[in-house]
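From a predicted model like this one, the values you see are computed outputs, not experimental measurements.
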There are 2 protein chains.
Amino acid sequence: MNFQDLQTYIDKRQALNQALTLFSWDQETEAPEKSMALTAKSVGLLSGELFKTITDPKVKEILLELEKQELTISQKAIVKKWLKDIRDLEKIPAQKYQEHQERLMIAQRVWQKAKLENNYQLFMPYLKEIVVTEKEFAQYRKTNEACLYDVVLEDYEPGFHVEELDEFFNQLKEHIVPLLKEIQASPIKIDKEYNYKHYSLNKQKEFNRWLAGYVGFDFKKGVIKESEHPFTTEFHNHDVRITTHYYENNLESALFSTIHESGHAIYEMNIDDDITMTPVGSGASMGMHESQSRFYENIIGRSEEFWKPVYPRLQTFFADNLEEVSLEQFVQGINKVEASLIRTEADELTYPLHIMIRYELEKKMFAGEVDFEKLPQLWNQLYQEYLGITPQNDSEGILQDIHWAGGSFGYFPSYALGSAIAAQIYAHMQKTTAVADWVESGDFQVLKKYLQEYIHQYGAIYQTNELLEKLTGEKFNPKYYIEYLTNKFTKLYHLR
Amino acid sequence: MNFQDLQTYIDKRQALNQALTLFSWDQETEAPEKSMALTAKSVGLLSGELFKTITDPKVKEILLELEKQELTISQKAIVKKWLKDIRDLEKIPAQKYQEHQERLMIAQRVWQKAKLENNYQLFMPYLKEIVVTEKEFAQYRKTNEACLYDVVLEDYEPGFHVEELDEFFNQLKEHIVPLLKEIQASPIKIDKEYNYKHYSLNKQKEFNRWLAGYVGFDFKKGVIKESEHPFTTEFHNHDVRITTHYYENNLESALFSTIHESGHAIYEMNIDDDITMTPVGSGASMGMHESQSRFYENIIGRSEEFWKPVYPRLQTFFADNLEEVSLEQFVQGINKVEASLIRTEADELTYPLHIMIRYELEKKMFAGEVDFEKLPQLWNQLYQEYLGITPQNDSEGILQDIHWAGGSFGYFPSYALGSAIAAQIYAHMQKTTAVADWVESGDFQVLKKYLQEYIHQYGAIYQTNELLEKLTGEKFNPKYYIEYLTNKFTKLYHLR
């Protein structure tokens with residue numbers, strides 16, 4: 001028995017997975033309104049086939065045999081990943097798993113209605129039951145003394161636990177919450193009225209296509225389309241698709257969505273040919289993925305170096321609105337700090353505070369310390385405490401995100417981790433490369449090659465901490481992020 | 001054992017088929033240039049799974065058992081169709097089938113290059129081998145005294161053989177070839193210069209979307225996109241997609257593509273809920289499908305009744321170009337007869353003559369009566385004989401269509417049959433309904449309901465001749481088509 005015996009199963013797993021990804025891309029971006037119900041039958045069937053393929057007893061036999069053999073690093077990673085998938089799936093009774101999947105589908109529709117009607121009571125029983133079941137599943141999968149929440153964290157961020165995350169969020173609480181209060185008390189008010197003028201959708205589309213190409217999105221291996229919420233979908237390293245959303249009265253929104261999703265896409269396009277179309281042929285973790293998109297969006301994309309060569313072009317494109325707005329004003333505008341209620345619209349500084357709130361609530365829910373009747377009040381209290389504002393209703397409060405309705409507990413922390421990982425990588429690059437010059441001269445090929453060499457090419461062969469250690473010499477360390485945010489915003493708001 | 005035992009297999013066949021259809025739609029309309037090679041691996045694997053599902057010995061056992069039982073009409077049709085599929089596939093050695101599929105993939109790329117470089121010699125060896133293999137496969141599948149060409153005809157047009165087609169094309173040769181010569185000799189020259197002025201692509205898109213909806217395309221169950229050559233793709237009766245192609249200097253092209261593909265789409269959207277997502281949940285045959293698209297495109301879409309309410313709108317849309325063009329002029333323009341070399345650009349009268357040439361050549365190739373070295377000359381001779389014009393080179397001659405490179409022999413006749421079937425249905429409707437009034441008053445819901453009641457709802461439960469007999473009281477009869485063309489064009493060109 002050798003690795004070739006596994007290849008047929010890898011191909012089948014990939015083919016089914018790719019078909020399901022395509023169905024999902026198609027539903028999000030194109031499929032007609034009434035197609036869903038019938039198409040769901042086919043999607044359900046193919047999901048079942050994928051489940052059978054992953055848990056096929058013959059595959060397990062091969063994997064256990066291969067585990068004992070000499071393998072290449074990537075082969076070893078594939079075997080390890082697949083065995084983990086099997087162990088996770090085996091422990092949950094198939095019938096319960098299936099029922100839970102169906103419950104989640106319904107819960108997401110109920111959540112949608114509840115959000116629309118500002119009716120938390122409608123969603124509450126579903127949320128309660130989802131938490132119970134997610135905890136039950138985590139209990140089945142628990143292998144050591146870890147707490148239940150650690151089990152789900154591991155799904156998105158292998159190697160990260162409550163211990164590290166508590167340390168991370170405590171630092172945010174200690175440094176960023178007071179920094180925000182200082183900014184809110186500062187007399188400096190940044191004016192960005194220009195951003196909310198009328199910007200033609202067609203011209204925005206044209207500019208954003210150019211912008212994606214400029215930062216390194218390869219149109220021969222990718223597609224840009226539109227959807228309600230921007231996202232990235234990967235089929236393999238030669239087909240990675242992103243969406244963006246254009247608003248007639250908000251120029252920034254699409255610009256930074258485009259750069260953000262391009263960052264995700266560049267990661268996937270850079271993955272090595274040897275591992276694309278295998279179970280390790282995608283990014284290392286949610287957090288590492290998010291680090292790349294936020295590196296492009298925030299660290300690079302909101303810097304003055306970035307806009308020096310690009311802003312004149314933007315100004316020409318939208319001369320009526322931007323003629324009188326200087327580069328300096330524009331760069332201040334895109335970095336303006338303003339506590340707001342909606343996570344997806346948050347600025348770079350307040351964003352992680354939105355995540356911190358969700359992290360604290362998830363931990364409490366998993367620890368059984370939450371009275372679900374009072375969850376909305378708890379949410380609102382935390383917003384007041386960390387951001388200094390309070391939601392007017394549950395739609396912009398406890399009901400704002402779809403994640404819990406979809407059973408995605410343990411997912412949110414990766415969003416904030418991503419920014420922090422990006423800051424750690426950037427600190428290292430500042431010491432060892434001419435990254436600011438690359439950006440100012442628009443040399444994104446060099447940047448892309450650098451990230452490919454140290455991170456992207458490996459896909460999920462290495463874990464996030466392994467990659468960080470190889471590149472920066474240390475595991476994840478939140479101090480770089482705290483320093484980065486403190487320096488940047490202290491300077492912007494002339495504090496201290 | 002009952003029909004429910006078959007349902008799991010029907011669902012799996014449908015799911016795999018739907019995934020493959022989606023991959024193909026995606027490749028044609030959206031996938032990035034470099035994605036093909038890797039995606040082809042997944043497509044190949046899923047095709048293999050589909051093949052295995054269709055020929056699964058357990059399915060055969062169930063089907064043979066069901067064949068003996070009392071079933072509903074649609075259940076019976078599904079069993080019959082599936083058994084036929086198995087019998088066809090079983091007879092061809094799997095290895096040879098696989099090799100041939102790969103050869104066809106390569107041949108299509110070679111054909112593309114040969115057409116681009118006007119180099120028939122490049123493509124000739126592939127064509128020769130494809131014909132040899134297609135004949136070999138037909139030989140395996142032959143069940144009675146039929147000739148080999150009958151075997152492939154049956155794939156596209158169950159119930160139609162060389163005998164009926166010879167009769168059909170002979171009538172065309174006898175009546176339409178001389179009619180064309182009369183028209184070519186006529187002093188009446190229709191001026192349609194207006195059609196080749198500049199028409200904004202965006203405005204064309206807007207008008208064509210409206211037009212599709214006007215004739216009955218349901219956007220809640222469908223999508224319109226663009227591609228090089230217009231086509232229709234169906235997933236099930238709640239998801240049918242069409243493409244069109246806009247030219248800046250040709251108004252008609254997109255208009256009639258849109259109506260044509262909408263005709264195909266309406267057929268698929270009208271198929272009964274009980275049979276959609278089953279092996280008989282699609283149109284009855286290629287020819288019946290083409291009859292519906294051509295009914296909408298030509299019989300309805302090129303009539304004066306149709307344009308009476310619609311033309312003023314078109315005129316307003318493109319006032320600069322059409323202000324001075326009267327309804328009468330426009331209707332003459334869209335019906336102008338002009339022998340041309342390219343099938344897909346042919347007018348309603350000359351179109352079937354293009355098909356006749358291909359039919360004659362295919363028969364000769366299958367009878368082994370063709371010297372492949374001289375095939376281009378033979379093609380050119382036939383164009384001169386039937387259409388009075390001769391290609392200047394092989395790209396606009398023997399190399400113009402992709403069909404043979406894809407192994408699609410026996411397919412072309414359906415294009416012409418479609419028009420003739422449409423004329424037969426129309427003749428019956430003229431006698432028994434107020435179809436012209438429906439069209440003039442824009443009442444396309446009534447038309448849609450009529451076609452649904454008599455044809456569409458049944459999908460492939462009945463064969464083409466069965467549907468025609470149920471509706472018009474007789475099997476396929478080419479005389480209606482000859483009469484229709486003769487009347488229409490004699491009048492238009494004031495002949496006799």
For each of B/Leu20, B/Leu16, B/Leu38, B/Thr8, tally heavy-atom pairs with chain A at distances under 4.5 Å, and name the one with the top tally.
->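 Top option by heavy-atom pairs under 4.5 Å: B/Leu38.
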Please determine, among B/Gln14, B/Glu30, B/Lys12, B/Met277, the option with the most heavy-atom pairs under 4.5 Å with chain A.
->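 Answer, by heavy-atom pair count under 4.5 Å with chain A: B/Glu30.
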Hey, is [atom1] on [X] packed in by over 12 heavy atoms from elsewhere, all under 6.0 Å?
| X | atom1 | result |
| --- | --- | --- |
| B/Leu201 | CG | yes |
| A/Leu89 | CG | yes |
| B/Met1 | CE | yes |
| B/Tyr97 | OH | no |
| B/Lys203 | NZ | yes |

May I ask you to list the residues in residues 40-60 of chain B that approach chain A closer than 4.5 angstrom, counting heavy atoms only, ordered by number?
->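 Interface residues of residues 40-60 of chain B: B/Lys41, B/Ser42, B/Leu45, B/Leu46, B/Glu49.
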Taking only heavy atoms into account, what residues of residues 216-241 of chain B are found under 4.5 Å from chain A?
->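 Residues in range: B/Phe219, B/Lys220, B/Lys221, B/Gly222, B/Val223, B/Lys225, B/His236, B/Asn237, B/His238, B/Asp239, B/Arg241.
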With side chains defined as the heavy atoms from C-beta onward, is the minimum distance between A/Asp26 and B/Asp26 less than 4.5 Å?
->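 No, their side chains stay 4.5 Å or more apart.
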Side chain / backbone / both / neither for A/Thr276 at chain B, heavy atoms under 4.5 Å |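 It is the side chain, since no backbone atom gets that close.
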